[in-house]
Undergrad: 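Quick one: this structure, given as structure tokens, is what I'll be asking you about.
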Amino acid sequence: MQNTESVSTDLDPLRWLSLALICIAQLLIVIDGSIINVAIPSIMNELDVSALNGHWVITAYALAFGGFLLIGGRLADYLGRKRMFIISLLGFALATIVGGLAINAVMFFGARALQGLFAAVMAPAALSLLAVTFAVPSERIKAFGVYGAVSGGGQVLGLLMGGIIMSNASWRWCLLVIAPIAIIAALIALRGIRESKSVRKGSYDIPGAVTVTLGLVILVYGLSQAEINGWGSPFILACLGIAIVLLIAFVLIERRSSHPLLPLRVVMDRNRAAALVTSLLMGASIYGLFLFLTYYLQGSLNYSPLMTGLAFVPLSVMIFLSASFSGRLLRFVSTRLTMMIGLLLAALGILWLTRISVHSGYPMLLVAELVIGLGLGFVFVTINSIGLFGVKPGDTGAASALMNATQQIGGAIGLAVLNTVAVVATNSYLSQESRVSDHPAAADIYGYSVSFGVVTLFVFIALVVIFFGVRMNEQTASAES
């Protein structure tokens, strides 16, 4: 198959409006992943969802999102990034309305899966549009800076919004509030975004689409069930084994296909491979970090959902400030070094969290938040810059989807591994007779502390990967991504 890029090469006069719409879409995706967490107990109670099935509030969304990302990215390339961006925004809005009006668990879980499906198209379409809209190096740095700040701060904003809504209204508004924003953004995008797509010649890669989608869905599902069934259970091992076989089959199909769903040249680039591994590790780290910080604030410090959201505000503000400053830093320091500085700061901040105890309070957490936020701001800006550096115009959708997919898969792996680590550490603490008279929350906090240690390890590994894996032109790495 031959692909040529269909996009005007002159400077788009509406590019900054395009950036605003792209960031709104990314913000909706990130917020949706965190705002619903605060509402899970209320959802389970009203829709009569058992404790055994409560995880489907998250799993239904994650399965569809992670499983269909590669297809979503390629649809954006072939059918038009603007077109698929608008369709996915409207579909996402429809799914949130259905979820907000759900009368039973089946209807709600179906709506969550539909949200994930449209998010799987929206996320790579948005990142692809960002990559093709900003061709001027200095402007591209600024655009990635804003996008990174939104990506990093969105999760905290979602927690805050969830806390406010749950303190004043029904859980249904955690979903319904998203719909009008998505619809307005889609309507503005009709005139505010320029179309671009890869002009394809050849048939669709149906075998590749089937194998990778099934492989990713089974992988995410298996990982999401590991905490419930145990890592060594035959069911989990079977899921992971089938997923690995399907993903290997996908690679073999792509090697032989004349029109691959994921051109292997996208993966084989050394810099991009390092960025993908780092994205996987950071997905595992960030999902775990927010989960256990939320547990600590609500379970150990007895914060309300609203207070929990407010407690995360300094982290969000620091990410925004750091991401904004990174654009200036990249004028003097390479993308690789900026990424390494960010990873080191994030690792040190998370390492500080391993010191939490029953006597720790919010001031200790605040110190960690400021350091972590400073580091993550650098990371969020540079990781996509490295991951999309040198991508052929016709492959931007596939590359963008892959960056999103690794983060989602990393998140699923991280949550499964870290939950297991926390449970084992907590049980180990309780097994020591000398500690039976300790503070009731001591065992749980010890489990969180050990999990933060594992998260720190993930980030340090990412730092090593970037140090040895990225070899970009020091002068143009940040500018020509």
Side-chain angles (χ1 to χ4, degrees), residues 5 7-32 73 76-77 80-90 92 119 121-155 157 178 181-197 316 319-331 335 338 376-389 391 393 396-397 399-401 403-404 478-481:
E5 184 69 4
V7 60
S8 177
T9 57
D10 61 311
L11 210 57
D12 185 356
L14 297 177
R15 59 193 180 282
W16 297 110
L17 176 59
S18 298
L19 175 62
L21 295 171
I22 290 167
C23 287
I24 288 173
Q26 178 64 11
L27 189 63
L28 291 177
I29 292 172
V30 177
I31 284 177
D32 183 77
D77 279 338
R81 295 164 189 129
K82 171 184 173 179
R83 176 185 298 174
M84 298 312 298
F85 180 72
I86 293 173
I87 290 173
S88 60
L89 273 171
L90 294 175
F92 193 79
V121 179
M122 191 195 313
L127 191 52
S128 297
L129 284 168
L130 181 65
V132 300
T133 299
F134 290 90
V136 177
S138 60
E139 292 187 349
R140 174 169 280 204
I141 291 174
K142 294 178 182 178
F144 271 111
V146 175
Y147 183 85
V150 167
S151 299
Q155 185 144 8
L157 181 59
I178 294 175
I181 301 173
I183 293 172
I184 293 171
L187 294 175
I188 297 174
L190 288 170
R191 293 293 184 89
I193 291 181
R194 177 183 292 180
E195 183 62 283
S196 68
K197 64 179 179 179
S316 180
I319 290 175
F320 180 81
L321 294 176
S322 174
S324 302
F325 172 73
S326 63
R328 297 181 181 180
L329 182 63
L330 285 168
R331 297 174 185 175
T335 307
T338 303
L376 289 182
F378 291 156
V379 173
F380 287 136
V381 171
T382 53
I383 191 168
N384 286 317
S385 180
I386 294 175
L388 297 179
F389 176 76
V391 176
T396 54
S400 300
M403 290 297 295
N404 279 283
S478 63
E480 300 178 5
S481 57

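Heavy-atom basis, side chains included; hydrogens, waters and symmetry copies ignored.
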Undergrad: Measure the shortest side-chain to side-chain distance between F144 and T382 over non-hydrogen atoms and say whether it is less than 4.5 angstrom.
TA: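 They are not in side-chain contact.
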Undergrad: Distance from N404 atom CG to I29 atom CD1, nearest 0.5 Å?
TA: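 Atom-to-atom, N404:CG and I29:CD1 are 7.0 Å apart.
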Undergrad: Got a sec, which residues hit side-chain contact (heavy atoms from CB on, under 4.5 Å) with A401, two or more places apart in sequence or on another chain?
TA: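 For A401, the residues satisfying side-chain contact (heavy atoms from CB on, under 4.5 Å) (neighbours in sequence not counted) are L70, P124.
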Undergrad: Quick one: CG on L28 to CD1 on I24, what's the gap to the nearest 0.5 Å?
TA: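 Atom-to-atom, L28:CG and I24:CD1 are 7.5 Å apart.
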Undergrad: Counting N and O atoms only, with roles assigned by atom type, does the side chain of K82 sit under 3.5 Å from a partner on the main chain of I193, one being a donor and the other an acceptor?
TA: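 Flag set: sc K82 to bb I193 pair under 3.5 Å.
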Undergrad: What are the two closest non-hydrogen atoms of L21 and A185, and how far apart are they?
TA: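 Looking at all heavy atoms of both residues, the shortest contact is CD2-O, 3.7 Å.
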Undergrad: Once side-chain contact (heavy atoms from CB on, under 4.5 Å) is applied, do any residues pair with F134, and if so which ones, sequence neighbours excluded?
TA: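 Expected list: R15, W16, L19, L130, E139, R140, A143.
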Undergrad: Report yes if the side chains of S400 and L388 come closer than 4.5 Å at any heavy-atom pair, otherwise no.
TA: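 The answer is yes, as the side chains (C-beta and beyond) meet within the 4.5 Å cut-off.
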Undergrad: Considering only heavy atoms from C-beta outward, does the side chain of M403 approach that of N384 to under 4.5 Å?
TA: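 In short, these two side chains touch, coming nearer than 4.5 Å.
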Undergrad: What are the two closest non-hydrogen atoms of A76 and M84, and how far apart are they?
TA: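 Closest approach of A76 to M84, heavy atoms only: CA-CG, 3.9 Å.
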Undergrad: First locate atom OG of S18, then atom CD1 of I188, and finally report the distance between them rounded to the nearest 0.5 Å.
TA: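 Spacing of OG (S18) from CD1 (I188) equals 11.5 Å.
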Undergrad: From T335 OG1 over to I386 CD1, what is the distance, rounded to the nearest 0.5 angstrom?
TA: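 CD1 of I386 is found 6.0 Å from OG1 of T335.
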Undergrad: In a check of side chain to side chain contact (heavy atoms under 4.5 Å, CB included) between L27 and each of I178, I181, V150, I22, which one passes?
TA: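 Between L27 and the candidates, side chain to side chain contact (heavy atoms under 4.5 Å, CB included) is satisfied uniquely by V150.
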Undergrad: Might you point out which heavy atoms bring V146 and C23 nearest each other, and give the distance in Å?
TA: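 Minimum heavy-atom contact is CG1-SG, 3.7 Å.
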Undergrad: What's the spacing between F325 CZ and T338 OG1 if we round to 0.5 Å?
TA: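 Reported to 0.5 Å precision, the distance equals 9.0 Å.
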Undergrad: Taking only residues two or more places apart in sequence or in another chain, which ones pass side-chain contact (heavy atoms from CB on, under 4.5 Å) with A186?
TA: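 For A186 the side-chain contact (heavy atoms from CB on, under 4.5 Å) partners, ignoring immediate neighbours, are I86, L89, L90.
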Undergrad: Just how far is it from atom CZ of F85 to atom CG of L129, taken to the nearest 0.5 Å?
TA: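 So the gap between those two atoms works out to 6.5 Å.
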Undergrad: For Y147, does its backbone N or O pair with a side-chain atom of Q26 as donor and acceptor, under 3.5 Å?
TA: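 Here the side-chain-to-backbone pair does not exist.
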Undergrad: Do you know which two heavy atoms are closest between S128 and R81, and how far apart they sit?
TA: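 In terms of heavy atoms, the two residues are closest at CB-CD, 3.7 Å.
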